[in-house]
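Take a look at the structure set out below.
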Amino acid sequence: MEEVRVRFPPSPTGYLHIGGARTALFNWIFAKKHNGKLILRIEDTDEERSTQTSIDGIIDGLQWLGLDWDEGPYFQTEFTADHVAAANRLLASGHAYKCYCTKEELERKRETALAEKKREAGYDGTCRHLSAEQVQEKEEQGIPSVIRFRVPERQGTLFYDDEVLGRIERAYSEIEDFVIVRSNGKPLYLLCNVVDDIRDRITHVIRGQDHMTNTTRQVLLYDALQAKIPVFAHMPLTLDLQKRKISKRSHGEVVAVQFYREKGFIPWALCNFLCLLGWNPGTDQEFFSREELIESFDLSRMSRVNSVFNYKPGDAKFFTDPKLIAINEHYLRTMELAELGDLVRKELETENLWDPAYETTRRDWYLATLGLIRDRFHTLKDFTTAGRAYFSDKYAIDPKPLAKNVLKFPELVTWLPQLAERFSVLDTTFNAEETERISRELADELQIKPGTLINGMRTVLTGQLAGPSMFDIVTTLGREKVVARLNDVDRLFAAA
RNA sequence: GUCCCCAUCGUCUAGUCUGGUCCAGGACACCGGCCUUUCACGCCGGCAACACCGGUUCAAAUCCGGUUGGGGACGCCA
């Protein structure tokens, strides 16, 4: 059987956004599923808009997501000779012709057509039937020209069979003679893309529905170049709540892959979310390991309906699609602790909170602590913010619990040190049961609710309103830190 | 405007090809309850959709036609 070869061909004119990442993901899964190859090709023929920063960002983003490729990155501009040769072949075989119409002329024609509101398919064919003499004359005058593809003057429709959408048809008469080479000699996307796909022996072109009109024209190109037409699969698009195509321009960083990296998302969680946009396995399964996704994936289960990225600007709680957050949370609290440990390590390192002992003598403590605190967290960032008190003695006290659980009870300034004193004599018995017993006992003696002591303790020890069971916190932190922090309670009153 | 694609809960979607098991299933979000020293997690329960009209049929979310709605494309961008 023929080797499956797919490609991801981003144009480096901006960062990698989630739509592009989704396209890359589906191609990646497809390649893996069929033991095929994924080719990364940077389509940088638009010299004015292509940037190195963008190239780096795209590659960086793909790597972060864990989407690896088998060949490339190739750069389209390195194959200009191929593209020009193909254009010349088309010219020689009569599949293309030189067009001397100027940009300005065409623009004027377009505008008048638009004004009359009866705009027909593109180019009017002025240069299509130029005689050899006329062409020679123009050449001698040095009039610049572009190369246009000569769309066959056929009755009926052109069609191709899309793996997702079924048969797609379009009347030949609806397809204009499109430009394949600019007047400066630079070949255009439509041609380059086909020439490269032929050279790279691409078998399946999996891309967005926004390419559908390109595909009909490219099918013509494959025929004219006498190459086998690949299988096309047009995926539904991802839109915003206003049903607009998502883009950097109108949506900003929330659609950038980089944003999720900076926000502390787990790369695979983003992939998992993305694969559910326009695809489902036909079962109720929503969480997939890589292997499971590759196993379950099938192009035939791709939806034909555009999906909406449920993002509401200005929402403090749901700063991106709530389902994406939910999926990230799911992974955060169910993934292997060792794996989570590696991800959190990076967070701790950037905050200078990493202790090498977490890899050795304190590894058990490190992983157990992550397991204790992760249930309440949303992203990896929470480990160094809300969870900071577990890894550092310098942590902020949230004003809300400070007021509610501490300042409201001024006597805590003596109660908590009292508690600390009783804790301090505990040695091997400094465990959850004993610390709880002692705390309740003291509350009883002071004739206050245990909650007063417990909640005050939580605020002082972690700076947080909420957290794990208080006595798990106490044992995790250890006697020394607990005693020190409780004794230090007066600083909170002093500061207030 | 022209061509192409699409149409199930607020969002992601199952079900449509092969009509009956669907007074439409799951997930997220939301609401309520349980658990609890806090907040979560977890568990239980609830709210919520077949765009509209007509046709075919004993029977339509499912097939057909139309309407409406949405999207995409219409560059010497990719």
Side-chain angles (χ1 to χ4, degrees), chain A residues 9-13 43-46 48-50 76 99 101-103 106-107 110 113-114 116-122 144-148 162 164-166 168-171 173-176 178-184 186 188-190 192-193 208-216 234 236-237 239 241 243-245 273 276-287 303-312 317-318 321-327 329 333 373-377 401 404-405 436 439-440 443 449-455 457-459 464-471:
Chain A
S11 66
T13 54
E43 304 217 321
D44 55 350
T45 54
D46 187 344
E48 278 153 38
R49 295 196 299 150
S50 296
Q76 197 158 53
C99 168
C101 298
T102 65
K103 244 183 192 170
L106 295 174
E107 208 142 300
R110 256 199 294 274
L114 213 54
E116 290 169 24
K117 280 205 168 181
K118 56 174 183 190
R119 178 135 186 260
E120 292 303 317
S145 64
V146 300
I147 299 176
R148 279 186 191 274
D162 190 286
V164 174
L165 302 168
I168 303 298
E169 297 184 83
R170 198 170 175 204
S173 59
E174 287 294 335
I175 310 170
E176 67 167 316
F178 52 93
V179 177
I180 53 177
V181 179
R182 294 178 173 98
S183 55
N184 66 4
K186 297 265 163 70
L188 253 8
Y189 167 80
L190 242 18
C192 301
N193 188 247
Q209 284 182 9
D210 50 347
H211 280 284
M212 283 176 74
T213 51
N214 287 335
T215 302
T216 51
H234 290 100
L237 268 18
L239 314 173
L241 275 174
K243 300 279 175 70
R244 299 287 167 206
K245 209 171 136 184
F273 168 77
L276 258 13
L277 250 33
W279 177 84
N280 74 80
T283 65
D284 286 341
Q285 184 173 3
E286 298 211 282
F287 298 108
S303 165
R304 289 176 297 276
V305 193
N306 292 161
S307 50
V308 171
F309 182 65
N310 191 9
Y311 158 68
K312 296 189 187 75
K317 185 175 174 192
F318 298 115
D321 191 310
K323 189 141 185 169
L324 171 51
I325 296 175
I327 289 175
E329 288 168 346
R333 40 191 169 251
I373 62 182
R374 65 173 168 175
D375 274 357
R376 289 158 188 81
F377 291 171
K404 187 182 166 194
N405 295 332
E436 176 164 10
S439 302
R440 289 186 184 280
K449 283 188 289 189
T452 307
L453 225 41
I454 291 168
N455 291 331
M457 225 193 303
R458 186 192 326 281
T459 305
Q464 298 292 305
L465 179 65
S469 165
M470 192 56 237
F471 303 99

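Here is the naming used below: chain letters follow the sequence lines, and residue numbers restart at 1 for every chain. Computed over heavy atoms, backbone and side chain alike; hydrogens, waters and symmetry mates excluded.
Partners of A:Ile168 under the side chain to side chain contact (heavy atoms under 4.5 Å, CB included) rule, at least two apart in sequence or in another chain, are A:Tyr160, A:Asp162, A:Leu165, A:Met212. Residues forming a side chain to side chain contact (heavy atoms under 4.5 Å, CB included) with A:Pro450 (at least two apart in sequence, or on another chain): A:Arg440, A:Ala443, A:Ile454. With sequence neighbours left out, A:Lys245 forms a side chain to side chain donor-acceptor pair (under 3.5 Å) with A:Asp210. Residues passing the side chain to side chain donor-acceptor pair (under 3.5 Å) test with A:Asn310: none are found, sequence neighbours excluded. Residues meeting the side chain to side chain donor-acceptor pair (under 3.5 Å) test with A:Asn193, sequence neighbours left out: A:Arg7, A:Glu43, A:Arg207, A:Gln218. With sequence neighbours left out, A:Phe377 forms a side chain to side chain contact (heavy atoms under 4.5 Å, CB included) with A:Leu332, A:Ile373, A:Asp382, A:Phe383, A:Ala386. In this structure, the side chain to side chain donor-acceptor pair (under 3.5 Å) partners of A:Lys186, at least two apart in sequence or on a different chain, are A:Glu47.
A straight line from CZ of A:Phe178 to P of B:rA78 spans 14 Å, rounded to a whole angstrom. Look at CZ on A:Phe318: it is 9 Å from C1' on B:rC28, rounded to the nearest Å. In this structure, the NZ atom of A:Lys317 is 13 Å from the P atom of B:rC28, given to the nearest Å. To the nearest angstrom, P of B:rG72 lies 15 Å from CG of A:Leu165. Nucleotide B:rA24 holds its C1' atom 14 Å from the CG atom of A:Asp284, rounded to whole Å. Atom OH of A:Tyr311 and atom C1' of B:rC28 are 18 Å apart (whole Å). Nucleotide B:rG72 holds its P atom 7 Å from the CG atom of A:Leu237, rounded to whole Å. Counting to the nearest Å, the P atom of B:rA78 and the CG atom of A:Leu190 are 9 Å from each other.
The partner of B:rG1 is B:rC74, by the rule that a Watson-Crick or G-U pair needs both atom distances under 3.5 Å. Within the shown strands, nothing qualifies as a pairing partner of B:rC9 under the Watson-Crick or G-U definition with both distances less than 3.5 Å. Applying the Watson-Crick and G-U wobble criteria (two distances, each under 3.5 Å), B:rC63 pairs with B:rG55. Remark: B:rU18 base-pairs with no nucleotide; criterion is Watson-Crick or G-U wobble with both hydrogen-bond distances under 3.5 Å. Nucleotide B:rG42: paired with B:rC34 (Watson-Crick or G-U wobble, both distances less than 3.5 Å).
Of the listed nucleotides (B:rA78, B:rC5, B:rG71), B:rA78 has the atom at the smallest distance from the side chain of A:Ser11. The nucleotide whose nearest atom lies closest to any side-chain atom of A:Asp210 is, among B:rG71, B:rA73, B:rA29, B:rA73.
Taking atom P in both B:rG26 and B:rC64, the straight-line distance is 29 Å, to the nearest Å. For the P atoms, the distance linking B:rG75 with B:rG65 amounts to 31 Å, nearest Å. B:rG33 sits 13 Å from B:rA40 when the P atoms are compared, rounded to a whole Å. Using atom C1' as the reference point in both B:rA49 and B:rU11, the two lie 12 Å apart (nearest Å). Distance noted for atom P between B:rA48 and B:rG55: 30 Å (whole Å). B:rG25 and B:rC41 have their P atoms separated by 25 Å, given to the nearest Å. Between B:rU8 and B:rG69, the distance separating the two C1' atoms is 15 Å to the nearest Å.
One cannot find a donor-acceptor pair under 3.5 Å joining the base of B:rC74 and the side-chain atoms of A:Thr213. Side-chain atoms of A:Asn214 come within donor-acceptor range of the base of B:rA78, with a qualifying N/O pair under 3.5 Å.
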Under 3.5 Å, which protein N or O atoms sit close to an N or O of nucleotides 7-13 of chain B? Give each pair with its distance.
from, atom 1, to, atom 2, distance (Å)
B:rC12, OP1, A:Val308, N, 2.5
B:rC12, O2', A:Leu276, O, 2.9
B:rC12, O2, A:Lys323, NZ, 3.4
B:rU13, OP1, A:Gly278, N, 2.3
B:rU13, O3', A:Asn280, ND2, 2.8

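In terms of position along RNA chain B, the nucleotide closest to A:Phe287 lies nearer the 5' end than the nucleotide closest to the other residue of the pair A:Pro144 and A:Phe287.
In this structure, the side chain of A:Asp44 engages the main chain of A:Gln76 through a donor-acceptor pair within 3.5 Å. Between the A:Arg374 side chain and the A:Glu329 main chain, no donor and acceptor come within less than 3.5 Å of each other.
Nucleic acid contact for A:Lys245: sugar-phosphate only, since backbone atoms but no base atoms lie under 4.0 Å from a heavy atom of the residue.
Side-chain contact between A:Arg244 and A:Leu239 is absent, with no heavy-atom pair separated by less than 4.5 Å. Considering only heavy atoms from C-beta on, A:Lys404 stays 4.5 Å or farther from A:Thr459 through its side chain.
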**Complete:** Given protein heavy atoms under 4.0 Å, the one-letter contact record of nucleotides 32-50 of chain B, with B base, S sugar-phosphate only and - none, is simply -----BBBBS---------
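In this model, the phosphate group of B:rG75 is not approached by any side-chain N or O of A:Arg148 to a distance below 4.0 Å at OP1 or OP2.
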